[in-house]
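Reviewing the structure listed below.
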Amino acid sequence: MGIVSWLLLGLIAGVIAKVLLPGRDPGGLVGTTLIGIAGSFIGGWLSTRILHRPIPKDFYDPSMWIAAVAGALVLLIAYRLLFGNSRARR
């Protein structure tokens, strides 16, 4: 997979994670993409370490998508736990 594929995977994983866990998060396309990309790397790393699964080379592999979305969800939950409602509500 090339860099564009990883960016696309991260964007889609971030969007799916925000749909599954809506709320006040670092919004916008850039924030969603960064959370998704970081979540993809974390999910992939954890799946290779804990589940002993190799990183798939195919963009359409379901296990890669599940790991990416799960990693993005973990990052969103961690962000909320660390920063909570840091923005002022109006």
Side-chain angles (χ1 to χ4, degrees):
M1 271 184 19
I3 189 74
V4 174
S5 298
W6 280 106
L7 291 173
L8 182 63
L9 172 67
L11 173 66
I12 295 170
V15 168
I16 292 171
K18 283 188 91 164
V19 166
L20 293 174
L21 195 65
R24 298 177 74 95
D25 298 315
L29 184 62
V30 175
T32 302
T33 304
L34 292 177
I35 287 173
I37 291 170
S40 299
F41 284 113
I42 290 171
W45 181 77
L46 286 175
S47 83
T48 59
R49 290 290 184 185
I50 295 172
L51 302 175
H52 304 292
R53 291 187 49 102
I55 296 174
K57 303 283 189 248
D58 186 21
F59 184 74
Y60 300 105
D61 187 12
S63 65
M64 180 175 65
W65 283 92
I66 292 169
V69 172
L73 281 170
V74 167
L75 282 184
L76 279 175
I77 292 169
Y79 175 81
R80 288 183 183 175
L81 289 175
L82 290 175
F83 297 108
N85 293 327
S86 61
R87 293 191 214 173
R89 293 186 184 197
R90 296 181 183 194

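Values in this document were obtained by computation on a predicted structure and should not be read as measured data. We count residues from 1, following the sequence as given.
Leu75 and Leu81 end up in the same hydrophobic cluster when Ile, Leu, Val, Met, Phe, Trp and Tyr side chains are linked at under 4.5 Å. Residues Leu11 and Ile66 do not share a hydrophobic cluster, clusters being chains of Ile/Leu/Val/Met/Phe/Trp/Tyr side chains in contact below 4.5 Å.
Considering only residues two or more places apart in sequence or on other chains, Leu46 meets the side chain to side chain contact (heavy atoms under 4.5 Å, CB included) condition with Ile42, Ile50. Residues passing the side chain to side chain contact (heavy atoms under 4.5 Å, CB included) test with Ile16 are Ile12, Leu20, Val69, sequence neighbours excluded.
To the nearest 0.5 Å, the span separating OG on Ser40 from CH2 on Trp65 amounts to 8.0 Å.
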